[in-house]
Amino acid sequence: MSALKLGLKLGCIADDFTGATDLANNLVRSGMRVVQTIGVPTSPLAADVDAVVVALKSRTIPAAEAIAQSLDALKWLQAQGAEQIYFKYCSTFDSTPEGNIGPVTEALMDALGTDFTIATPAFPDNGRTVFKGYLFAGNVLLNESGMQNHPLTPMTDSNLVRVMQAQTKRKVGLIDYKTVALGASAIRDRIATLRAEGVSVAVVDATSNDDLHLLGPALKDMPLVTAGSGVAIGLPANFGLKPSLQASQLPAASGLQAVVSGSCSVATNAQVAHFKASGRPAMAINPAALMNGQSEAVVQQVLAWAAPLLKDGPVLVYSTAEPEAVKAVQAQLGVAEAGALVEHALASVARGLVDLGVRQLVVAGGETSGACVQALDIAQLQIGPQIDPGVPWCHAPSETGGLHIALKSGNFGTEDFFSKAFGVLQ
Ligand code: ADP
């Protein structure tokens with residue numbers, strides 16, 4: 001198959017799966033037609049879109065592997081004609097002194113032959129703001145936000161210039177809020193000054209979407225942008241694109257509807273309770289019942305329960321439970337084993353529901369989403385309309401007409417999310 005000659009504008013590399021969707025969602029809302037791929041595709045892009053987000057799982061793997069995967073993604077994006085590259089990481093700058101944000105940034109700069117980029121995780125819509133180089137999560141500094149206790153990437157310093165400098169041999173500087181407020185030309189002047197001082201990575205202050213819109217034009221023609229998902233809102237305008245409903249248009253939805261939930265987050269617990277209270281059919285999966293090779297039998301029971309109900313509207317299959325119940329199961333099975341057992345069962349349920357004719361599927365939980373997407377053999381997702389901040393409907397094409405799927409990470413979404421999601425597609 002030869003590559004279509006498409007006008008791919010932005011090529012994005014995201015260091016995790018739900019982060020990729022978050023970025024894609026911001027781009028769509030700012031007027032770009034976007035496809036998200038699961039890993040680096042092995043064939044050329046087959047859709048006419050403005051941006052592609054390649055979703056990697058490279059946030060906490062060894063830096064050398066993260067670099068190798070990111071360079072693979074870069075090569076593929078360049079082969080599709082991407083005009084600008086965007087390396088997307090978490091809005092809490094999840095990393096360690098070993099990386100992976102610094103080393104991946106450096107490798108991408110080398111590969112692109114560029115000597116300057118920015119680094120800012122600011123995402124004001126989600127309460128992540130950068131002021132004088134310090135990252136705030138909500139009303140507190142990052143290192144007081146709970147992120148200082150993260151099991152894999154504890155963030156104990158909120159000064160992003162220091163954090164980034166610890167991860168890179170290149171010199172790191174700051175474009176502060178006063179410069180940003182003056183707009184693109186002042187930002188460009190500041191970049192020229194920093195360059196003259198030997199700086200090649202600049203942390204940029206941004207405390208509002210206005211700041212991100214002021215920053216956007218200054219990034220036109222910068223070969224590489226590194227950021228959280230926030231900076232994306234200022235980029236589509238550089239390519240002459242404006243927010244439009246067309247960017248989020250997906251093929252018409254049809255088929256049966258279902259929700260699969262493996263998230264045990266506070267918001268998801270409330271969403272499950274709300275769905276049940278609304279009188280819709282819901283079936284719980286008890287992780288203990290999956291032990292001793294019983295998983296497949298449980299999956300078949302669930303599918304037999306769902307089959308006659310689906311014609312009357314959405315059904316919910318969930319393992320979602322309150323923290324005490326989760327802890328009890330984890331004590332019995334081990335944390336990783338319990339997670340894997342439940343993810344595998346829910347992924348089989350998702351596969352079975354699609355075999356029963358479900359074509360509109362909501363999945364709750366980041367890891368659960370990963371497992372379901374894998375079980376459903378989904379390689380590419382076109383990003384559609386937003387249900388709630390950070391959660392868009394997506395469309396996965398297939399020979400059987402395709403599947404509309406929404407992947408909701410734990411604490412996203414309002415209480416009525418599972419009911420209202422389907423309304424967004426109508
Ligand atoms: P979130 O986005 O809320 O973090 P995830 O799907 O990423 O949700 O993570 C939830 C994890 O908890 C998954 O590994 C899932 O399999 C596991 N899990 C789900 N339900 C239960 C349960 N009842 N007991 C123990 N573990 C569970």
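Values in this document were obtained by computation on a predicted structure and should not be read as measured data. Remember, it's 1-based here, ligands and their atoms both numbered in the order they're listed.
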Is a side-chain donor or acceptor of [X] paired with a backbone partner of [Y] at a separation under 3.5 angstrom?
X      : Y      : result
Gln360 : His404 : no
Arg33  : Ala51  : no
Ser158 : Asn143 : yes

Under 3.5 Å: N/O of [X] near N/O of ligand 1:
X      : answer
Gln330 : no
Ala340 : no
Thr268 : no
Ala321 : no
Thr320 : no
Lys408 : no

Which residue holds the protein heavy atom closest to [atom], what is that atom called, and what is the gap in Å?
atom                    : answer
atom 16 (O) of ligand 1 : Gly339 O, 2.9 Å
atom 23 (N) of ligand 1 : Ser319 O, 2.9 Å
atom 22 (C) of ligand 1 : Pro287 CG, 3.6 Å
atom 21 (C) of ligand 1 : Cys264 SG, 3.6 Å
atom 8 (O) of ligand 1  : Gly365 CA, 3.3 Å
atom 7 (O) of ligand 1  : Glu367 N, 2.7 Å
atom 6 (O) of ligand 1  : Thr368 OG1, 2.6 Å
atom 14 (O) of ligand 1 : Glu343 OE2, 2.5 Å

Practice item. With atom 25 (C) of ligand 1 as the reference point, say which of Val326, Asn286, Leu333 has the nearest heavy atom. Key: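 Heavy atom nearest to atom 25 (C) of ligand 1 belongs to Val326.
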Practice item. Any atoms of ligand 1 less than 4.0 Å from a non-hydrogen atom of Gly366? List them with their elements. Key: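 This gives 1 (P), 2 (O), 5 (P), 6 (O), 7 (O), 8 (O) as the contact atoms.
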Review point. Taking only heavy atoms of Val342, which atoms of ligand 1 are found under 4.0 Å from at least one of them?
Key: 16 (O), 19 (C), 20 (N)
Exercise for review: Describe, in one word, how the ring planes of Trp393 and Phe422 are oriented to each other, choosing from parallel (under 30°), tilted (30 to 60°) and perpendicular (over 60°).
Suggested key: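 Because their plane-to-plane angle lies in the 30° to 60° range, the rings of Trp393 and Phe422 count as tilted.
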Practice item. Evaluate the ring planes of Phe275 and Phe418, with Trp represented by its six-membered ring, and classify them as parallel (under 30°), tilted (30 to 60°) or perpendicular (over 60°). Key: perpendicular
Review point. Can Gln148 and Glu144 be counted as having a side-chain donor-acceptor contact under 3.5 angstrom?
Key: no
Review point. Between the side chains of Thr18 and Ser409, does any donor sit under 3.5 Å from an acceptor?
Key: no
Practice item. Applying ring-ring contact (aromatic ring centres under 6.0 Å, His included), run through Phe136 and Tyr134 and close with a yes or a no. Key: CA-CA 7 Å; Phe136 289 78; Tyr134 286 80; 7.6 Å; no
Check your understanding: Would you say Gly262 contacts ligand 1, with heavy atoms under 4.0 Å as the rule?
Key -> yes
Revision key, fill the gap. On a heavy-atom basis, the closest approach of Ser58 and Asn100 is O-ND2, 2.9 Å
Review point. For Ile13 and Ser70, which heavy atoms make the closest approach, and how far apart are they?
Key: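 Closest pair (atom of Ile13, atom of Ser70, distance): CD1-O, 3.6 Å.
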**Study point:** Lys88 side, atom NZ; Asp16 side, atom CG - distance, nearest 0.5 Å
**Key:** 6.0 Å
